[in-house]
Student: 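Encoded as structure tokens, here's the structure I'll be asking about.
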Amino acid sequence: MGKDETEDKMRSGKFETDDARIYYEVHGSGRPIVLLHGNGESHKIFEKYAVWFEKRGFQVILMDSRGHGHSLLKRTSSLEFTTQDMAGDVLKLLHHLGIEQVTLLGFSDGANIALEFASLYPEHTTEVIAVSGNAKPWGMLLPYYLFVGAEYAVAGIMREFCQDKRQRQKFDRSRMLNGLMFHSPDLTEERLGKIQAPTLLIAGTNDVIRVSHSQWMQRQIPGSRLVLLKKARHVDFLHKRERYLRVIERFLKEEKGTVIRSDTRQNIRQDAGKSEAKAV
């Protein structure tokens with residue numbers, strides 16, 4: 001954020017869990033929203049999103065997930081962890097800040113963490129906005145899923161034969177990041193069905209997440225909405241913010257229960273567990 005009045009409202013810090021030292025920032029005041037970044041990223045991807053939310057009366061909470069950015073794993077911690085573990089970190093952050101309930105917005109792995117959190121801790125969740133997330137590893141397109149698995153396996157092999165400490169650390173990190181995507185999340189139908197908060201799922205038709213998987217997720221989450229952005233890619237959330245923010249703003253203003261296909265002339269409403277297509 002620029003050096004303006006918002007800078008004076010920002011505070012940052014770290015807190016300890018059993019496995020990591022988690023870095024966070026709090027911007028502004030008002031209705032709390034936690035923004036959760038994707039695999040291999042940090043809170044910095046949300047710089048402009050944070051400004052947008054703060055201007056609309058939100059208290060914006062940014063954090064670096066364990067093993068990312070400034071949130072360092074402890075030496076005794078395993079490099080093998082899941083999005084469910086990371087959802088636990090979010091809960092501990094809320095306890096640290098003295099916050100009872102939040103809106104969650106997550107991108108990619110951050111979306112998976114948000115859904116994990118909403119399933120595990122519904123009493124602490126007011127809304128969920130999950131962008132380009134998946135409930136199972138196989139929700140990714142098959143070539144991408146196989147690539148992630150290969151990277152995970154190769155990093156493990158190379159780490160065993162590498163003598164250079166820095167190179168071993170690089171292989172360890174690659175194995176950690178790819179292992180996270182290859183093994184988690186594990187959000188079953190039952191677990192998705194436990195999500196009680198109004199939920200918006202956003203994905204692109206050219207995403208790395210299969211469209212059919214996004215549609216399956218929507219059917220499992222009670223009253224959830226799904227917006228499929230025509231021709232949008234996985235990274236478009238970072239580069240075409242206005243397109244996503246229009247959808248997010250509409251969701252935050254509307255009642256739950258509608259599934260919208262953006263940029264098409266079809267509106268789908270969930271009614272008593274059935275989908276009805278209507279031309280609009």
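Keep in mind that what you see is a predicted model, and the values were worked out from it rather than measured.
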Student: In terms of relative ring orientation, are His96 and Phe15 parallel, tilted or perpendicular, with 30° and 60° separating the classes?
Tutor: parallel
Student: State which residues pass salt bridge (charged side-chain N to carboxylate O under 4.0 Å, His left out) with Glu25; sequence neighbours excluded, sorted by chain then number.
Tutor: none
Student: Under the salt bridge (Lys or Arg N to Asp or Glu O under 4.0 Å) rule, what pairs show up with a residue in residues 143-154, not counting sequence neighbours?
Tutor: none
Student: Sorted by first residue and then second, give each salt bridge (Lys or Arg N to Asp or Glu O under 4.0 Å) pair with at least one member in residues 165-185; sequence neighbours left out.
Tutor: Glu80-Arg175, Arg159-Asp172
Student: Please find out if less than 6.0 Å separates the ring center of His239 from that of Tyr244.
Tutor: no
Student: Report the residues that fulfil side chain to side chain contact (heavy atoms under 4.5 Å, CB included) with Lys48, sequence neighbours left out, ordered by chain and then residue number.
Tutor: Arg241
Student: What residues, two or more places apart in sequence or in another chain, satisfy salt bridge (charged side-chain N to carboxylate O under 4.0 Å, His left out) together with Arg246?
Tutor: none
Student: Who pairs with Phe117 by ring pair (Phe, Tyr, Trp, His ring centres under 6.0 Å), at least two apart in sequence or on another chain?
Tutor: Tyr121
Student: Please identify each residue that fulfils salt bridge (charged side-chain N to carboxylate O under 4.0 Å, His left out) with Asp89, with sequence neighbours left out.
Tutor: Arg66
Student: Taking Leu229 as the starting point, is it possible to reach Leu105 by hopping between hydrophobic residues whose side chains are less than 4.5 Å apart?
Tutor: yes
Student: Would a line drawn from the ring center of His27 to the ring center of Phe53 be shorter than 6.0 Å?
Tutor: no
Student: Would a line drawn from the ring center of Tyr49 to the ring center of Phe58 be shorter than 6.0 Å?
Tutor: no
Student: Please list all pairs passing the salt bridge (Lys or Arg N to Asp or Glu O under 4.0 Å) test where one or both residues lie in residues 188-212, with sequence neighbours left out.
Tutor: Glu116-Arg191
Student: For His183 and Phe81, what are the C-alpha separation, side-chain angles and deciding distance, and is it a ring pair (Phe, Tyr, Trp, His ring centres under 6.0 Å)?
Tutor: CA-CA 9 Å; His183 296 302; Phe81 51 84; over 10 Å; no
Student: Apply salt bridge (charged side-chain N to carboxylate O under 4.0 Å, His left out) to Arg56 and list each qualifying residue two or more places apart in sequence or on a separate chain.
Tutor: Glu249
Student: Mind checking whether Val211 and Gln215 have side chains closer than 4.5 Å, heavy atoms only?
Tutor: yes
Student: Taking atom CZ of Phe147 as the centre, does the number of heavy atoms from other residues, nucleotides or ligands within less than 6.0 Å exceed 12?
Tutor: no
Student: Test: salt bridge (Lys or Arg N to Asp or Glu O under 4.0 Å). Region: residues 98-109. Which pairs qualify, not counting sequence neighbours?
Tutor: none
Student: Enumerate the residue pairs fulfilling side-chain hydrogen bond (donor to acceptor under 3.5 Å, both in side chains) with a member in residues 135-148, sequence neighbours excluded, ordered by first and then second residue.
Tutor: Lys136-Asp186
Student: Can Ser108 and Ser132 be counted as having a side-chain donor-acceptor contact under 3.5 angstrom?
Tutor: no
Student: Hey, any chance Leu177 and Ile113 share a hydrophobic cluster, counting ILVMFWY side chains that come within less than 4.5 Å of each other, even indirectly?
Tutor: yes
Student: Under the side chain to side chain contact (heavy atoms under 4.5 Å, CB included) test, which residues partner Ser42, sequence neighbours left out?
Tutor: Lys44, Asp64
Student: Check for me, please, whether Met86 and Val90 land in the same ILVMFWY cluster - side-chain distances under 4.5 Å, paths through other members count.
Tutor: yes
Student: Restricting to non-hydrogen atoms, name the atom on Phe161 and the atom on Ile157 that form the minimum distance, rounded to 0.1 Å.
Tutor: CD1-O, 3.1 Å
